[in-house]
Amino acid sequence: MPLLEVSALSKRFGGFVALDGIDFAVAAGERVGLIGPNGSGKSTLVNCVCGTLANETGTVHFDGAAIDGLTTHERTRRGIARSFQLPRPFVTLTVADNLRVPLLYTVNARAGQTLTPAEVDARCAELLALVGLADKATRLPRDLTQVEMRKLELARAMAADPKLLRLNERGITIVLIEHIMRAVMQFSQRLVVLVSGKKIADGKPDAVIRDPEVERAYIGQ
């Protein structure tokens with residue numbers, strides 16, 4: 001059974017069809033690259049999965065259960081997390097406190113899970129060390145470089161203890177949206193290509209990138 005399964009999902013904005021009957025599945029522990037030209041529907045698909053947008057038709061199943069109709073925070077508590085291209089930290093909180101928020105209000109909100117203050121502190125320290133921000137724990141986000149802000153954004157997403165996000169080596173399933181083809185090819189075990197709201201390819205990266213339809217629509221050849 002896939003960890004994430006999207007079936008016949010469609011989304012419209014007025015008369016514009018952003019997603020048109022998308023079928024998309026991700027196995028537990030899999031690294032999937034989601035690619036396509038600007039406006040192809042990548043972000044819309046992720047937003048429908050995360051609950052930021054509501055799809056008009058189709059279904060989203062996660063970890064064996066339908067999650068249609070659940071709010072974003074309810075989906076986060078189920079184990080879905082995301083990081084953003086533009087970091088969105090709590091600007092008045094320290095770097096460490098930015099991690100304490102998802103630990104306290106997401107992880108502790110799950111049935112059967114309650115972290116003690118000592119466990120929260122230990123988890124913060126572990127995450128900060130993992131992303132290379134251990135020495136920035138007491139600083140504010142405004143004191144970080146852009147690269148460090150991206151690291152904080154990743155650590156904040158990981159603090160929610162997700163089943164779907166990243167990092168594969170920690171047993172977390174990943175869906176990556178990336179515009180740099182070399183990076184996505186090196187990272188992904190599988191590529192899914194969207195063009196104009198439709199899925200046009202899904203398979204091993206080397207095979208997908210040689211698909212004539214992908215070359216015409218995405219690479220421009």
Side-chain angles (χ1 to χ4, degrees), residues 2-7 9 11 18-53 55 60 62 75-76 79-88 127 130-133 145-160 162-221:
L3 177 65
L4 173 68
E5 187 170 18
V6 173
S7 301
L9 190 141
K11 176 64 183 175
L19 297 172
D20 187 5
I22 299 295
D23 294 316
F24 175 66
V26 184
E30 190 176 21
R31 301 191 307 271
V32 176
L34 183 62
I35 66 173
N38 289 336
S40 61
K42 304 183 299 296
S43 295
T44 301
L45 176 57
V46 170
N47 285 333
C48 287
V49 169
C50 294
T52 308
L53 293 174
N55 44 291
V60 180
F62 180 72
R75 298 184 194 208
T76 299
I80 298 176
R82 69 182 296 182
S83 61
F84 293 87
Q85 183 176 6
L86 297 177
R88 303 176 180 179
L127 287 168
L130 183 65
V131 299
L133 292 179
T145 66
Q146 279 300 113
V147 172
E148 289 170 340
M149 287 282 280
R150 294 296 297 272
K151 291 179 178 180
L152 174 59
E153 183 69 18
L154 174 58
R156 285 186 346 121
M158 291 177 61
K163 298 175 184 176
L164 175 66
L165 170 72
R166 48 193 321 170
L167 299 164
N168 192 253
E169 62 269 24
R170 294 173 63 89
I172 300 173
T173 307
I174 311 161
V175 176
L176 172 72
I177 297 178
E178 178 57 70
H179 298 282
I180 301 174
M181 187 57 64
R182 184 172 63 179
V184 80
M185 289 290 289
Q186 290 176 347
F187 169 86
S188 303
Q189 296 168 324
R190 195 173 109 234
L191 286 183
V192 173
V193 185
L194 298 184
V195 173
S196 300
K198 295 179 181 290
K199 187 176 77 171
I200 66 166
D202 185 342
K204 295 291 186 182
D206 288 342
V208 166
I209 212 66
R210 292 195 300 267
D211 185 303
E213 189 175 4
V214 173
E215 291 182 347
R216 286 194 302 270
Y218 183 70
I219 302 177
Q221 297 179 351

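Computed from heavy atoms alone, side chains included, the values below leave out hydrogens, waters and symmetry copies.
- Closest of all the heavy-atom pairs between Ile209 and Met185 is CG2-CE, 4.2 Å.
- Taking Asn55 as the reference, nothing meets the side-chain hydrogen bond (donor to acceptor under 3.5 Å, both in side chains) condition, with sequence neighbours excluded.
- A distance-only check finds a donor-acceptor pair linking the side chain of Arg210 to the backbone of Asp206 [under 3.5 Å].
- Judged as a salt bridge (Lys or Arg N to Asp or Glu O under 4.0 Å), and not counting sequence neighbours, Lys151 has no contacts.
- In plain terms, the two heavy atoms of Leu19 and Cys48 that are nearest each other are CD1-SG, 4.2 Å.
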Query raised in the report: Checking salt bridge (Lys or Arg N to Asp or Glu O under 4.0 Å) for the pair Glu153/Arg156: CA distance, chi angles, key distance, verdict?
Result: CA-CA 5 Å; Glu153 183 69 18; Arg156 285 186 346 121; 3.7 Å; yes
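- Legend: residues meeting salt bridge (Lys or Arg N to Asp or Glu O under 4.0 Å) with Glu148, ordered by chain and number and at least two apart, are Lys136.
- Under the 3.5 Å distance criterion, the side-chain polar atoms of Arg31 are matched with a main-chain donor or acceptor of Phe187.
- Once rounded to the nearest 0.5 Å, the distance linking CG of Leu191 with CG of Leu34 reads 9.5 Å.
- Here the shortest heavy-atom pairing between Arg82 and Cys50 reads CD-SG, 3.9 Å.
- Listed here is the closest heavy atom pair of Lys198 and Asp20: NZ-OD2, 2.5 Å.
- Asn38 meets the side-chain contact (heavy atoms from CB on, under 4.5 Å) test with His179; sequence neighbours excluded.
- Looking at Glu213 and Val193, their side chains never come closer than 4.5 Å, going by heavy atoms from C-beta outward.
- Listed by chain and number, the residues in a side-chain contact (heavy atoms from CB on, under 4.5 Å) with Ala27 are Glu30 (sequence neighbours excluded).
- By the side-chain hydrogen bond (donor to acceptor under 3.5 Å, both in side chains) test, Lys204 pairs with no residue at all, sequence neighbours left out.
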Report task. Could you walk me through whether Val131 and Leu152 pass the side-chain contact (heavy atoms from CB on, under 4.5 Å) test, one step at a time? Result -> CA-CA 8 Å; Val131 299; Leu152 174 59; over 6 Å; no
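- For the residue pair Ser188 and Pro205, the shortest heavy atom distance occurs at O-CG, 3.5 Å.
- Val184 is not listed as a side-chain neighbour of Ile177, based on a closest heavy-atom distance of 4.5 Å or more.
- With sequence neighbours left out, the side-chain hydrogen bond (donor to acceptor under 3.5 Å, both in side chains) criterion links Asp23 to no other residue.
- Rounding to the nearest 0.5 angstrom, the gap separating the CD1 atom in Ile80 from the CZ atom in Phe62 is 4.5 Å.
- Applying the salt bridge (Lys or Arg N to Asp or Glu O under 4.0 Å) rule to Asp211 yields no partners; only residues at least two apart in sequence or on another chain are considered.
- Between Lys11 and Asn47 there is no side-chain heavy-atom pair separated by less than 4.5 Å.
- You'll find the side chain of Val175 stays beyond 4.5 Å of the side chain of Val49, heavy atoms only.
- Side chain of Arg190 to backbone of Asp202: no donor-acceptor contact under 3.5 angstrom is found.
- Taking every heavy atom of both residues into account, Ala201 and Val208 meet most closely at CB-CG1, 4.0 Å.
- With sequence neighbours excluded, the residues that form a side-chain hydrogen bond (donor to acceptor under 3.5 Å, both in side chains) with Ser40 are Lys42.
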